[in-house]
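So that the names make sense, note that chain A is the first sequence line, chain B the second, and so on, each numbered from 1. Being a predicted model, the structure only gives us computed values, none of them experimental.
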There are 2 protein chains.
Amino acid sequence: MPDLPHLPHLREAPDASSPAGHAFDAAIALAAADGGGLEGHTSPAYANMVGPYGGITAATLLNAVCIDPARLGDPLALTVNFAGPIADGSFHIDARAVRTNRSTQHWTMSLRQGEQIAATATAVFGLRRETWSSTELGFPLVPPFDALPQRAPRSGPAWLAMYDQRFVHGSFPDLSRPEHENADSTTCLWMRDQPLRPLDFVSLAALCDVFYPRIYRRRPRFTPAGTVSLTVYFHADAPLLAAQGTQAVLGQARAQRFRHGFFDQSAEVWSHDGALLATTHQIVYFKQ
Amino acid sequence: MPDLPHLPHLREAPDASSPAGHAFDAAIALAAADGGGLEGHTSPAYANMVGPYGGITAATLLNAVCIDPARLGDPLALTVNFAGPIADGSFHIDARAVRTNRSTQHWTMSLRQGEQIAATATAVFGLRRETWSSTELGFPLVPPFDALPQRAPRSGPAWLAMYDQRFVHGSFPDLSRPEHENADSTTCLWMRDQPLRPLDFVSLAALCDVFYPRIYRRRPRFTPAGTVSLTVYFHADAPLLAAQGTQAVLGQARAQRFRHGFFDQSAEVWSHDGALLATTHQIVYFKQ
């Protein structure tokens, strides 16, 4: 989620519940490009300060594999590197299965505009099978989604209107009051697509980037910040996602170290009833 | 660190302190290949059960960028996907700078033998600059390196002899006693190259994979397990690594969720005096 606090006002999201389908599906849609590869188009609904929301770019790159007829199984791991700004307009994605094993498949992807690479990615897909299982992390003790108010920052890019965010703690900082520093960067929130959309692998990938940059939690002041590299590990299989439906997921994020213009943040995304759906990590550029 | 418990005996590591230099440097060495790209060779000193130790493969892929004259700055992020076994012998690495910005540079790498891709990777390099800094994680309260005995498993692949591992808790499991299950997968240990070698980015990348698979900590029994994808975020710059010299680093690792044949583990690597050098994450295949 790069560059949150720069736009003066939250832009109006287009009508995403129109008969044409959810704006999320339009934003990640890809068509066969002349000469090979896939072509997509940035969506005003998911516009960020500069170019698209990082989560929608991650979901679009993952979608390039999901819709490929050569795909084996479901996503296990995704890494997206945000190499440069994506201009409003069309973009080209190449997705290539570089190795297919009996139960796993390795993909490399790139997103370019003209000859300029704007993002690179890798993904591992695979077949899941029953094994011993255990969740070592504990589901946080939190009030239910309905008991919390929806929050939005005073100003921010369009994509924020596409998520209903309800904070247990660590809500949007008031960036006009930089004297309020926090010792801890943790945020815990319920979140879901707005308008509602049933959870699937691509929307889960996008949700992994909803957490605003942890630097704003520690030091609430205007500063450029943007994700450099994002990794998602998928613990959920398709039936577990289907059982979640349109219910909110619980996210919890925290930073580990801020230094020399970069910090890392790690997060978990849980189902409404306490199943760990994904763990996610990113390294973020910041300037202050 | 795939496939720990399969070899009957720890193989003897070759003399790594020979005048020819450290075995680590020989293992990650790359030369220009005929027709472009780089050629390397697996090292018996870092042999794993099947092919090389994952950490040495990660270090070798990172080295391909480090030695490239087009490189900008130092490593910020590295992701390596282990796509298939690497046979003993030579391999080919292609490393390509796909985007160079003012202060960051994005690389894609691949490792192949013949026409078969065995690993893919991406890296972000960049220039660091002074900013506000903070380490949010606490350095664990641990006894000093010298106060702890060196440990090695009863049996294991050659590469284990290349690291001096001293466990604070969560030492090598006795895989012949599967009745001893643990509720917690955490391991904390001091570790360093053996023979000694001053820490740098490539050896730090390799150290990030030293932690044995967390499934053996929870369920100490013979089972195949292997890293599928590994990510390292580098918090250290070159002067901080140089100040570390040959002193041991402290590592702490734990799993988050085991399910359907895969689990994720996250770890931190700290300097001898409590500076967070790297955070690292991986998703691991297991069978039981």
Side-chain angles (χ1 to χ4, degrees), chain A residues 76-77 79 81 83-84 98-99 101 103-104 106-108 110 116-118 120-124 126-137 183-185 214-215 218-219 228-229 231 233 235-237 254-264 266 268 276 279 281 283 285-288, chain B residues 76-77 79 81 83-84 98-99 101 103-104 106-108 110 116-118 120-124 126-137 183-185 214-215 218-219 228-229 231 233 235-237 254-264 266 268 276 279 281 283 285-288:
Chain A
L76 298 170
T79 292
N81 303 290
V98 296
R99 173 106 183 204
N101 300 314
S103 64
T104 59
H106 288 256
W107 291 80
T108 60
S110 65
Q116 183 79 290
I117 293 283
T120 66
T122 60
V124 187
L127 301 172
R128 291 178 163 85
R129 64 191 193 298
E130 281 306 317
T131 57
W132 178 80
S133 70
S134 169
T135 302
E136 214 166 298
L137 286 182
D184 173 5
S185 70
R214 300 295 89 200
I215 185 69
R218 291 292 303 276
R219 307 188 92 203
V228 174
S229 184
T231 287
Y233 298 139
H235 300 289
D237 56 358
R254 74 212 63 80
Q256 303 191 103
R257 181 162 203 189
F258 303 82
R259 184 169 191 255
H260 287 174
F262 297 92
F263 65 90
D264 64 331
S266 287
E268 302 83 47
L276 186 57
T279 45
H281 312 281
I283 186 163
Y285 158 89
F286 76 103
K287 194 171 183 174
Q288 65 172 269
Chain B
L76 298 171
T79 294
N81 304 291
V98 296
R99 173 104 184 207
N101 300 313
S103 65
T104 58
H106 288 256
W107 291 80
T108 60
S110 65
Q116 184 78 292
I117 293 282
T120 66
T122 60
V124 187
L127 302 172
R128 291 179 164 85
R129 64 192 192 298
E130 281 305 317
T131 57
W132 178 81
S133 70
S134 170
T135 302
E136 214 165 297
L137 285 182
D184 174 4
S185 69
R214 300 297 88 198
I215 185 68
R218 292 292 303 276
R219 308 189 92 203
V228 173
S229 183
T231 287
Y233 298 139
H235 301 289
D237 56 358
R254 74 212 63 80
Q256 303 191 103
R257 182 162 202 188
F258 303 81
R259 185 170 190 254
H260 285 175
F262 298 92
F263 65 90
D264 63 332
S266 286
E268 302 83 47
L276 186 57
T279 44
H281 312 282
I283 186 163
Y285 157 88
F286 76 102
K287 195 171 183 175
Q288 65 173 265

Revision key, fill the gap. When the 4.5 angstrom heavy-atom criterion is applied to B:Ser110 and chain A, the contacting part is neither

Review point. Given a strict heavy-atom distance threshold of 4.5 Å, which part of B:Arg99 is in contact with chain A: side chain, backbone, both, or neither?
Key: side chain

Review point. Is it the backbone or the side chain of B:His260 that comes under 4.5 Å from a heavy atom of chain A, or both, or neither?
Key: both

Revision key, fill the gap. Under 4.5 Å to a heavy atom of chain A? For B:Asn101 that would be side chain

Check your understanding: Does any heavy atom of chain A fall under 4.5 Å from the side chain of B:Ala83, the backbone, both, or neither of them?
Key -> both

Practice item. Measure distances from B:Thr231 to the heavy atoms of chain A and classify the residue's part below 4.5 Å as side chain, backbone, both or neither. Key: both

**Study point:** chain A contact via B:Ala123 - which portion, at a heavy-atom distance below 4.5 Å
**Key:** neither

Review point. Using the ring of each side chain (for Trp, its six-membered ring), is B:Phe286 parallel, tilted or perpendicular to A:Trp132, with breaks at 30° and 60°?
Key: perpendicular

**Study point:** chain A contact via B:Thr104 - which portion, at a heavy-atom distance below 4.5 Å
**Key:** side chain

Practice item. Pick one of side chain, backbone, both or neither for B:Ser134, based on which atoms fall under 4.5 Å of a heavy atom in chain A. Key: both

Revision key, fill the gap. Residues at least two apart in sequence or cross-chain that pass side-chain hydrogen bond (donor to acceptor under 3.5 Å, both in side chains) with A:Glu136, listed by chain then number, are B:Ser185, B:Arg218

Check your understanding: Mind checking what makes side-chain hydrogen bond (donor to acceptor under 3.5 Å, both in side chains) contact with A:Asp184, not counting sequence neighbours?
Key -> A:Thr186

Point to revise | Proximal component of B:Val124, with respect to chain A [non-hydrogen, under 4.5 Å] | key: side chain

